[in-house]
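One structure is given below, encoded as structure tokens.
Whatever order the structure lists them in is the order used to number ligands and atoms, beginning at 1.
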Amino acid sequence: MAVRIRQIGPCFAGEVEGIDMRRALTSEEVAAIHAGMDKYAVLVFHDQDITDEQQLAFTRSLGDIEHAIGTSLRAPSEYRLPTTFADVSNLDKNNTPFARDDRRRLFAIGNRLWHSDSSFKAVPAKYSLLHAVRIPSKGGNTEFAYMPAAYDALDAETKAEIEDLICEHSQMYSREMVGFTDFTDEERQRFKPVLQRLVRRHPRTGRKSLYLSSHAGKILGMPVPEARFLLRDLTEHATQRQYVYAHKWRIGDLVMWDNRQTMHRARPFPAHEPRDMRRTTLMGEGPTVAQAA
Ligand SMILES: [Fe+2]
């Protein structure tokens, strides 16, 4: 069966037919998916009744996996999933929803801020693949914003001003934004900031985009409040509704997005209901500071 992709909603989201993740991909299918990601940046695959192993195999057929080690407040003994997965659920290792005031939950809901996955790592994520295993009765959408279009719409003066800016990214900056500041010394060490360009160029399409994320908290050579206002203004601009696709989840959906071209955020849902989402992630090509904008 040939791979078909049709646009859903805005120009950067596509729905894929003809892929069954329970079996190995052909090289033609791999090429079609990469080409689809270059064109759309967000691809939706419905009705994927897959195991974790099948999700992992599908992910590995597209590139090198990024491991999730030490990126949350779960201790290694509390992991519900192997480190080949980022556990984006609200569940402890017994599959029970975290208590409302559990600090692991309060840290994790920082993903309701607009962000790009792993922008707090020196080599940030390329694609994220999120599979819906259990979903809440309401809410819990994921929204995506398309950064090349947001960049293109900036005026020439702003483009020139931001062209070579370098930001510091850390999960501590995003959590601080929502009043979560009680980090241990060990966590502060583990979440040390990394540097990322503010404007990046996609290696395959050649398009420039804004590399924004709520993890960005400082800009080199700029006073902090001024940097925060610039980042806030750019984020407000880039997340206007014309640049946004909101995905309403169905069980079995696997949504794949390109973190180099998009930001995303989770939306709220009832705290006591399980939301079991499992993310595999592909590593990016290298540090963005090493890339020419
Ligand atoms: Fe995320």
Of the protein N/O/S atoms, how many lie under 2.8 Å from the Fe ion (ligand 1): 3

Side-chain cluster (under 4.5 Å, hydrophobic types only) that L113 belongs to, other residues: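 Under the 4.5 Å side-chain rule, L113 groups with M177, V178.
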
R4 and E15 ion-paired at < 4.0 Å: no

Verdict with supporting geometry, H34 and Y127, ring-ring contact (aromatic ring centres under 6.0 Å, His included): CA-CA 10 Å; H34 283 300; Y127 301 165; 5.7 Å; yes

Within one Ile-Leu-Val-Met-Phe-Trp-Tyr cluster: V123 and L129, side-chain cutoff 4.5 Å: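 No, because V123 and L129 fall into different hydrophobic clusters, even though each may have its own neighbours under 4.5 Å.
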
Inter-residue atom distance D20.CG - F45.CZ, 0.5 Å rounding: 11.5 Å

Flag for D253-H247: side-chain donor and acceptor within less than 3.5 Å: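 Yes, D253 and H247 have a side-chain donor paired with an acceptor closer than 3.5 Å.
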
